[in-house]
Participant: 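One structure is given below, represented as structure tokens, and several questions about it will come after.
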2 protein chains.
Amino acid sequence: MLESIQDDGGVTVSSEQLARRGHTTAAQVRKDLSHFGSFGKRGLGYSVDELRDRLRIILGLDQVWPVVLVGAGRIGSALFEYPDFKRRGYECVAIVDSNPEKIGRKWGELVIQPTAKLESLIKELCATLVILAVPASAAQLVAECSVNAGINGILNFAPVQLQVPDGIPVENVNLVMELEALSFQITRASKT
Amino acid sequence: MLESIQDDGGVTVSSEQLARRGHTTAAQVRKDLSHFGSFGKRGLGYSVDELRDRLRIILGLDQVWPVVLVGAGRIGSALFEYPDFKRRGYECVAIVDSNPEKIGRKWGELVIQPTAKLESLIKELCATLVILAVPASAAQLVAECSVNAGINGILNFAPVQLQVPDGIPVENVNLVMELEALSFQITRASKT
DNA sequence: ACTTTCTTGTGAAGCTTTTCACAAGCGGCT
DNA sequence: AGCCGCTTGTGAAAAGCTTCACAAGAAAGT
Ligand SMILES: NC(=O)c1ccc[n+]([C@@H]2O[C@H](COP(=O)([O-])OP(=O)(O)OC[C@H]3O[C@@H](n4cnc5c(N)ncnc54)[C@H](O)[C@@H]3O)[C@@H](O)[C@H]2O)c1
Ligand SMILES: NC(=O)c1ccc[n+]([C@@H]2O[C@H](COP(=O)([O-])OP(=O)(O)OC[C@H]3O[C@@H](n4cnc5c(N)ncnc54)[C@H](O)[C@@H]3O)[C@@H](O)[C@H]2O)c1
């Protein structure tokens, strides 16, 4: 949001304005920010540039995060070509797949590697994140292999609840569940 | 989870077992379910078949939801070929794109339609959901058009906060933010 | 029939998050 | 300088969510 305000030439922004854009309340915006420090000026609001920079540091976006993509299928290829990742500092440093037909093919500058190399690739490239875009049946195994190799976090697209050690954050993307959330809300609303 | 337990031949399941699988607590499972009714047997747990069926009804999955896909790009094509949607009752009934090169092409049984037809397609096919896989700059316009046509819910992949009337649920999928959540947790953990 | 073993459903307690409301501070205007 | 209109940062109150703990019920064995 702050970047889009920058593009529109905004210099300062109030908690009220941020709240309206983000569908929340001004008090919530201020309370949340206050947990990390005091970034605004009374009577004026927040400096858009400064707040953006501070948030980037808080979120850990002041560095490049090397990412390994596992699973060169339909969702994997869409993600690989998604330019927003790189713009935010997430750089795909390796692609891994188990299908012999796909291994050796080039995607951009990268050659698709066999699953056997996953562990050594993570170590050599010091990858911090893996994106898991493999079938549900393979996901747990790939996750364990990545954890063994010292990965720091996992973005999981497979519709399974991964079992990983405490301290390794996992974010799950389950699109069927997102649709189910919509169905549920629509069903509820129509029953009032 | 219940379906995977069914596949493994499980007949009953306790709140404790569900909690372990889902990384939550037994009390939480029981309290959540109790908001919708009383589905279990004391001393025995829940009947897997019955609980699955009851949850399907609660979530509104005892019907087919006609979906229109807007944006036949990289993410759109991955989603179109994703078999789990149809298995859960989400059936793609139309595909819409603005690119003249793409309009008229066939994806499976469906012909890609021009954006101008979006409103009439939603009305004619009684579509309840749209999946928005268009560039951020086009998302708000497509959302408004869909709402005008009487859509009931929106699954939005564009990295913008859509402004829609109250009562139209929107679920946002923002993959960059998922990665940022991982970066944040890793950054925090390393600062302790 | 009685005891043992399990597990649910749920008030009450404990904890977290959100909202309220206002003193304190900034900038511009007279 | 003094006043006025805004907006932050934050304790305190309100609301919401999670955990505790246990009575009540179900099955299985004796
Ligand atoms: N396609 C979508 O829109 C979509 C959406 C949400 C979630 N998902 C999930 O993402 C995952 C992938 O979906 P997809 O549609 O891209 O499937 P896909 O079959 O197109 O691709 C999966 C890829 O993973 C590879 N693979 C299989 N086992 C592997 C292993 N052990 N190591 C490395 N690679 C392996 C396969 O060779 C294939 O290239 C699935 O779990 C699916 O449920 C897909
Ligand atoms: N590719 C990814 O992995 C990915 C991941 C997450 C989010 N997204 C988001 O999803 C959206 C689409 O991404 P993509 O990578 O598929 O882009 P893309 O450019 O491959 O596809 C976008 C498609 O939308 C069409 N389009 C443009 N304006 C339209 C309009 N007004 N009506 C109908 N169709 C229109 C284009 O012709 C194109 O076919 C973007 O907002 C992107 O930020 C993409």
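Chain letters run A, B, ... following the sequence lines, proteins first and then strands; every chain starts at 1.
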Participant: Is a side-chain N or O of B/Gln17 found less than 3.5 angstrom from the main chain of B/Ser14, in a donor-acceptor match?
Facilitator: yes
Participant: Okay, side chain of B/Asp97, backbone of B/Asn99: is any donor-acceptor separation there less than 3.5 Å?
Facilitator: yes
Participant: Hey, does the side chain of B/Tyr46 come within less than 4.0 Å of C/dG9's phosphate (OP1/OP2), counting only N and O?
Facilitator: yes
Participant: Ignoring hydrogens and angles, are the base of C/dT7 and the side chain of B/Arg42 linked by a donor-acceptor pair under 3.5 Å?
Facilitator: no
Participant: Specify the separation, in whole Å, of atom NE2 of B/His23 and atom P of D/dT18.
Facilitator: 17 Å
Participant: When you measure from the side-chain N and O atoms of A/Gln28 to the phosphate of C/dT19, is any distance below 4.0 Å, counting only OP1 and OP2?
Facilitator: yes
Participant: B/Ser14 side chain: which of C/dC26, C/dT10, C/dT8 is closest?
Facilitator: C/dT8
Participant: Give the rounded distance in Å between these two atoms: CG of B/Leu33 and C1' of C/dT10.
Facilitator: 13 Å
Participant: Go through D/dT8, D/dG11, C/dG9 for me and flag the one nearest to the B/Ser38 side chain.
Facilitator: C/dG9
Participant: Kindly point out which of C/dT19, D/dA27, D/dC20 is positioned nearest to the side chain of A/Lys31?
Facilitator: C/dT19
Participant: Side chain of B/Glu171, backbone of B/Pro169: donor and acceptor closer than 3.5 Å?
Facilitator: no
Participant: Could you tell me whether A/Asp49 and A/Arg52 have a side-chain N and a carboxylate O separated by less than 4.0 Å?
Facilitator: no
Participant: Take atom CG of B/Leu51 and atom C1' of C/dT7, then tell me their distance rounded to the nearest Å.
Facilitator: 14 Å
Participant: For B/Asp32 and D/dT18, give me the distance from atom CG to atom C1', rounded to whole Å.
Facilitator: 9 Å
Participant: DNA chain D: A/Ser34 or A/Leu44, which has the more 5' nearest nucleotide?
Facilitator: A/Leu44
Participant: Rounded to the nearest Å, what distance is computed from the CD atom of residue B/Glu50 to the P atom of nucleotide C/dT8?
Facilitator: 13 Å
Participant: Of all the choices, D/dC20, D/dT8, C/dT8, which nucleotide is nearest to the side chain of B/Ser15 once you look at every atom?
Facilitator: C/dT8
Participant: Nearest whole angstrom, please: distance from the C1' of C/dT5 to the NZ of B/Lys41.
Facilitator: 18 Å
Participant: For A/Lys102 and A/Ala72, indicate whether the former's side chain and the latter's backbone hold a donor-acceptor pair under 3.5 Å.
Facilitator: yes
Participant: Send over the distance from A/Glu16 CD to D/dT7 P, rounded to a whole Å.
Facilitator: 8 Å
Participant: Between C1' on C/dT8 and CZ on B/Phe39, what's the gap in Å once rounded to a whole number?
Facilitator: 13 Å
